[in-house]
Number of protein chains: 2
Amino acid sequence: MVKITDVARHAGVSPSTVSYALSGKRPISEETRQRVEASIRALGYRPHAGARALATSRSNVLALVVPLRAGIHVPVVMQFAVSVVTTARGHDHDVLLLTREEGEEGLRRVADTALVDALIVMDVQLADPRLPLLRSLDRPSVLIGFPAEPAGLTCIDLDFKAAGEACVDHLARLGHRVVALVGSPPEVYVRQTAFAQRVVQGFTAAADQGRLASSVHPCEASPAAARAVAEQLLREQPALTGVVVHNEAILEPLIDAFEELGLQVPGDLSVTAICPDELAESLRVPVTSIALPSGEVGARAVELLVKKLGGKAVPEATLLAPRMTERGSTARRAVA
Amino acid sequence: MVKITDVARHAGVSPSTVSYALSGKRPISEETRQRVEASIRALGYRPHAGARALATSRSNVLALVVPLRAGIHVPVVMQFAVSVVTTARGHDHDVLLLTREEGEEGLRRVADTALVDALIVMDVQLADPRLPLLRSLDRPSVLIGFPAEPAGLTCIDLDFKAAGEACVDHLARLGHRVVALVGSPPEVYVRQTAFAQRVVQGFTAAADQGRLASSVHPCEASPAAARAVAEQLLREQPALTGVVVHNEAILEPLIDAFEELGLQVPGDLSVTAICPDELAESLRVPVTSIALPSGEVGARAVELLVKKLGGKAVPEATLLAPRMTERGSTARRAVA
DNA sequence: ATGAAAGCGCTAACAT
DNA sequence: ATGTTAGCGCTTTCAT
């Protein structure tokens with residue numbers, strides 16, 4: 001292994017000069033900088049990550065904790081992870097992948113051993129058991145999603161409440177008076193995952209304010225469950241003309257079920273969703289939707305973390321405004 | 001930060017005793033071990049990862065290079081990654097996530113800086129530009145997939161050739177005489193991704209040997225493309241009764257298209273696939289399939305790597321035998 | 001503008 | 001069975 005002293009000898013300078021030439025933390029004459037850089041290339045020198053971490057107490061590694069449980073749409077997690085890695089690399093950091101299964105002990109481990117400088121935690125629940133730990137850790141973190149008590153933590157997410165509202169407002173503007181929210185699987189609500197709750201809040205609030213009749217229906221991630229919900233809605237809410245779907249897995253089967261039950265989308269029923277744009281675009285009936293901007297959230301999360309690592313203050317809460325794209329699945333309510 | 005000398009002082013022993021108590025690399029009297037462990041807990045001591053890496057030249061971190069390109073089924077990648085992380089943790093290792101976009105320079109970087117001890121590379125192509133680098137690196141690696149020239153490398157994957165054969169054999173045994181393979185998007189073949197090619201080889205070889213008429217059809221990952229292929233097959237191969245699908249994204253739309261075109265599955269057409277079990281199970285018509293065992297491949301890859309790190313020899317090639325599960329989508333050919 | 005040298009926290013000879 | 005100590009490779013203070 002070629003080390004900094006090898007480079008120093010080859011360039012005829014001291015190790016510290018090589019170090020400073022690399023970091024730019026003190027002025028180096030143009031001439032010696034050239035010689036040092038030439039030697040580095042000639043010898044193929046790479047600073048040893050562990051040695052550097054030891055000397056600087058910085059590993060330049062971020063931890064990313066991903067969920068892998070029922071009811072979470074996998075491509076969203078993946079896209080998020082990729083965007084975190086890409087953005088982190090742009091700031092000279094690498095990313096250590098942790099699963100949620102490691103629990104609090106896992107977070108403590110990577111933080112206390114100084115394996116990582118900071119942490120990004122996905123899939124935050126309203127009362128997340130990891131919150132006290134994250135508050136007490138000596139390393140900064142960013143949460144994806146908002147817990148019930150976000151004080152003292154840095155959180156970022158799509159503004160799901162606003163997203164729920166935007167869907168209802170869109171439907172109301174098109175003249176719809178009876179709307180339903182088909183949501184995530186029951187376990188997601190039982191777990192009190194924040195984002196699912198917030199959609200419900202926004203949906204309900206906007207419906208109440210606009211004096212729409214509304215109802216909420218959790219739904220398992222299976223075509224059969226989608227079919228069941230569709231049948232139930234037709235039976236119990238015959239006046240229904242607007243549906244908001246917040247469940248990637250059943251968006252397509254649900255629309256299929258409605259059509260098989262004789263309802264045209266958007267002729268008889270307007271459907272809008274909160275889901276990744278790629279999904280909304282790819283369906284047989286392209287769906288008007290609020291984008292789930294996983295890539296942007298990931299990138300912003302890393303940027304927040306890098307700022308915190310640099311000692312800069314960052315806002316505790318970052319809510320990304322919902323962005324709606326109209327596609328073919330919503331239309332003005334047909335007047336009977 | 002609490003360090004090993006703090007623990008030593010607190011326990012009234014030397015730092016090396018603490019170190020050895022932790023590693024078990026030399027005998028410690030039961031009594032002092034107790035004292036040391038008590039002190040460790042009392043102080044909440046965690047060895048500094050960087051310091052340890054510097055002293056041992058082992059970071060206990062594995063690199064995982066994931067693809068994120070068109071034509072790759074995301075859940076498979078994710079499941080693989082999770083299984084790698086879980087298995088690695090079982091061997092006291094962590095996982096650094098790299099995207100393929102970092103290229104050879106990225107691999108060289110994490111290897112030469114000693115950030116990682118070893119590498120797992122997914123989505124290997126027949127003539128992968130990273131192969132020479134991986135051969136020359138001073139750190140062990142395991143490839144997921146087989147390049148054209150695997151000599152000197154450790155590779156593991158499902159035996160895709162055998163999988164292609166098994167599908168044809170299954171169909172042949174049911175009396176089918178004209179079969180088609182609906183494969184991955186064209187770009188996957190153009191890129192010469194090994195596994196796609198091998199399915200074609202196995203499919204074709206088995207068909208030729210069994211004297212079945214056969215044809216191969218790449219297919220984009222869109223319902224429209226699936227529909228087009230279905231129509232083309234009916235038009236050009238009216239005698240077709242058996243289809244092998246190797247393309248997760250279009251398995252469901254393709255079956256839908258066949259049925260819309262008036263073909264019952266499995267009454268008129270037997271369909272078998274190479275795909276994750278969860279997908280095959282979840283369809284309206286559960287599909288007879290060869291499992292894509294991402295979890296097992298990930299776990300085995302880590303185990304191979306850990307063995308290599310331990311200085312043990314491992315086989316260059318590991319081919320996982322295909323495992324077929326019969327579900328509702330294949331049946332004996334109806335005799336006209 | 002550059003060099004010398006003292007750590008960073010841990011492990012593993014080399015003692016005893 | 002345990003202690004002493006010399007590094008591991010790098011950064012950064014302190015000199016000059």
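A, B, ... follow the sequence lines: proteins, then strands. Residue 1 opens every chain.
- In this model, no side-chain donor or acceptor of A:R26 finds a partner on the base of D:dT12 within 3.5 Å.
- Atom NZ in B:K25 sits roughly 9 Å away from atom P in C:dA13 (whole-Å rounding).
- Taking atom CG on A:D112 and atom C1' on C:dG9, their separation rounds to 15 Å, with Å as the unit.
- One interatomic measurement links the two molecules: NZ of B:K3 to C1' of C:dC8, which rounds to 8 Å at whole-angstrom precision.
- Residue A:T17 places no side-chain atom within donor-acceptor reach of the base of C:dA1, judged by atom type and a 3.5 Å distance cut-off alone.
- Between A:R130 and A:D123, none of the side-chain N atoms (NZ, or NE/NH1/NH2) sits under 4.0 Å from a carboxylate O, so this pair counts as no salt bridge.
- Comparing C:dT2, C:dT11, D:dG3 by their closest approach to the side chain of B:S14 singles out D:dG3.
- Across the protein-nucleic acid pair, A:I4 atom CD1 and D:dG7 atom P stand 19 Å apart, rounded to whole Å.
- The backbone N or O of B:V116 lies less than 3.5 Å from a partner atom in the side chain of B:R139, making a donor-acceptor pair.
- Following rounding to the nearest Å, A:L22 (CG) and D:dG9 (C1') show an atom-to-atom distance of 13 Å.
- Salt bridge annotation for A:R100-A:D128: present, with a cationic side-chain nitrogen under 4.0 angstrom from a carboxylate oxygen.
- Residues B:L54 and B:Y20 both approach DNA chain D. Their nearest nucleotides, taken by heavy-atom distance, put B:Y20 toward the 5′ side.
- Using a 4.0 Å heavy-atom cutoff across all strands shown, A:T32 reaches sugar-phosphate atoms only and no base atom.
- When only modelled atom types and interatomic distance are considered, A:T17 and A:S14 share a side-chain donor-acceptor pair under 3.5 Å.
- Between B:M1 atom CE and C:dC10 atom P there is a gap of 6 Å when expressed in whole angstrom units.
- Summarising the geometry, the separation between NE2 on B:H48 and C1' on C:dG7 is reported as 13 Å, rounded to the nearest angstrom.
- One atom, CG of A:N60, and another, P of D:dG9, lie 20 Å apart when rounded to the nearest Å.
- Applying the 3.5 Å distance criterion, the base of C:dG9 shares no donor-acceptor pair with the side chain of A:R52.
- In this structure, A:E31 pairs ionically with A:R35, as a charged nitrogen and a carboxylate oxygen lie closer than 4.0 Å.
- When each of B:A55 and B:S29 is assigned the nucleotide of DNA chain D with its nearest heavy atom, B:S29 is the one assigned upstream, toward the 5' end.
- Across all strands shown, B:R58 has no heavy atoms under 4.0 Å from either base or sugar-phosphate atoms.
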